[in-house]
Amino acid sequence: MARKETAADAASAGRLKQIALTYKMTRKADKTIGLVLAAVGLGIFAVLLVIGFLIGHPVYGGILGLLLGLLATAIVFGRRAERAAFGQMEGQPGAAAAVLDNIGRGWATTPAVAMNRSQDVVHRAVGKAGIVLVAEGNPNRVKSLLAAEKKKMNRIVADVPVHDVIVGDGEGQVPLKKLRTTMLKYPRVLTGPQVTATNDRLRALGDLMSNMPLPKGPMPKGMRMPKGGGRGR
């Protein structure tokens with residue numbers, strides 16, 4: 001029993017430490033985060049406490065206000081922390097791969113299935129919506145990478161829909177912070193077994209990550225592709 005309590009205490013301490021670290025990182029990009037969270041939490045608590053007094057149940061109103069205030073504060077904190085994280089990643093090579101790694105269950109992602117020496121890169125995600133090719137880099141250069149990769153997908157898995165996305169803030173592009181939402185909006189046309197079968201067929205293609213010592217997530221800005229590194233097999 002003592003061991004279970006110790007493990008639970010350690011887990012709670014770890015979560016609190018992670019929350020504190022997230023808050024510090026968020027505050028660097030969002031200076032008003034503390035004031036916003038305080039305003040949300042205290043505002044909801046105060047409103048429900050007043051309502052409690054008006055209806056003759058201040059204790060119930062205070063308890064409900066406290067619980068809803070904490071819940072609203074957690075939601076606002078999560079969204080602003082996510083926005084700050086996207087702001088820090090935006091513009092860095094490999095940022096889209098980091099988003100794809102956290103897109104959620106049901107998706108299998110393969111970073112850097114195609115890349116050129118200028119660090120324009122295409123990542124691949126496979127889910128019930130089919131295949132989504134996510135490109136980041138110079139819009140003009142990356143279009144040729146996307147076209148080549150789509151042609152390859154249509155040849156290998158012709159019966160699976162292929163979508164393509166270029167990450168960026170220009171016309172026809174998808175901002176990094178909206179990438180996950182955009183992918184989740186695609187209609188689901190494949191079953192679980194079909195997704196598995198598609199992944200099995202695509203694994204035979206290989207990818208640049210299996211041949212190059214590239215770090216996960218955003219890549220260093222000074223990194224250059226070696227000669228001969230072009231597209232995934």
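- Shortest non-hydrogen contact noted between Ile44 and Ala72 is CD1-CB, 3.3 Å.
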* **side chain to side chain contact (heavy atoms under 4.5 Å, CB included) assessment of Trp107 paired with Met183** => CA-CA 10 Å; Trp107 288 90; Met183 292 183 61; 3.7 Å; yes

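- Smallest separation of non-hydrogen atoms from Glu149 and Ala114: OE1-CB, 3.8 Å.
- Counting heavy atoms from C-beta on, the side chains of Arg80 and Thr32 come closer than 4.5 Å.
- Note on Leu68: it clusters hydrophobically with Phe77, by side-chain heavy-atom contacts below 4.5 Å among ILVMFWY residues.
- Residues Leu49 and Phe53 form a side-chain contact, since some pair of their non-hydrogen atoms from C-beta on lies under 4.5 Å apart.
- Going from atom CG of Leu64 over to atom CG of Leu67 covers 6.5 Å, rounded to the nearest 0.5 Å.
- With hydrogens and angles ignored, the 3.5 Å screen pairs a side-chain donor or acceptor of Asp120 with a backbone N or O of Asn138.
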* Please assess Phe45 against Val40 for the test side chain to side chain contact (heavy atoms under 4.5 Å, CB included), listing each intermediate value before the final yes or no. => CA-CA 9 Å; Phe45 173 75; Val40 170; over 6 Å; no

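- The heavy-atom pair separating Pro139 from Gln173 by the smallest distance is CG-NE2, 3.1 Å.
- Between the CG atom of Leu133 and the CE atom of Met153 there is a distance of 6.5 Å, given to the nearest 0.5 Å.
- The CG atom of Leu48 lies 11.0 Å from the CG atom of Leu54; values are rounded to the nearest 0.5 Å.
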* Arg124/Leu202 under side chain to side chain contact (heavy atoms under 4.5 Å, CB included): CA gap, chis, key distance, verdict -> CA-CA 10 Å; Arg124 184 179 68 228; Leu202 291 177; 3.6 Å; yes

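- For Asp169 against Pro175, the heavy-atom pair with the smallest separation is OD1-CB, 3.8 Å.
- Side-chain contact between Val76 and Leu37: present, with at least one pair of heavy atoms (C-beta onward) separated by less than 4.5 Å.
- A side-chain contact (heavy atoms from CB on, under 4.5 Å) with Tyr186 is found for one member of Thr182, Val189, Leu184 and no other, namely Thr182.
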* To do: Using the side chain to side chain contact (heavy atoms under 4.5 Å, CB included) rule, take Val126 and Val195 through it: C-alpha gap first, then chi angles, then the decisive distance, then the call.
  => CA-CA 7 Å; Val126 182; Val195 173; 4.2 Å; yes

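- For the residue pair Val134 and Val167, the shortest heavy atom distance occurs at CG1-CG2, 3.6 Å.
- When atom types are taken as modelled, the side chain of Gln194 and the backbone of Thr191 share a donor-acceptor pair closer than 3.5 angstrom.
- A heavy-atom distance below 4.5 Å is not found between the side chains of Glu136 and Val142.
- Thr73 and Gly69 get closest at one heavy-atom pair: OG1-O, 2.7 Å.
- Between Leu179 and Leu100, some side-chain heavy-atom pair lies under the 4.5 Å cut-off.
- Side-chain contact check for Val174 versus Ile166: every heavy-atom pair is 4.5 Å or farther apart.
- Separation of atoms CG (Leu70) and CD1 (Ile75) is listed at 11.5 Å; rounding is to 0.5 Å.
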Contacts table for residues 156-164: side-chain donor-acceptor under 3.5 angstrom, sequence neighbours left out:
from: His163; atom 1: NE2; to: Ala129; atom 2: O; distance (Å): 3.1
from: Asp164; atom 1: OD1; to: Lys150; atom 2: NZ; distance (Å): 3.0

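- No more than 12 heavy atoms of other residues, nucleotides or ligands shown are found within 6.0 angstrom of CZ on Arg188.
- For the salt bridge (Lys or Arg N to Asp or Glu O under 4.0 Å) condition, the pairs that include at least one residue of residues 189-200, sequence neighbours left out, are Asp200-Arg203.
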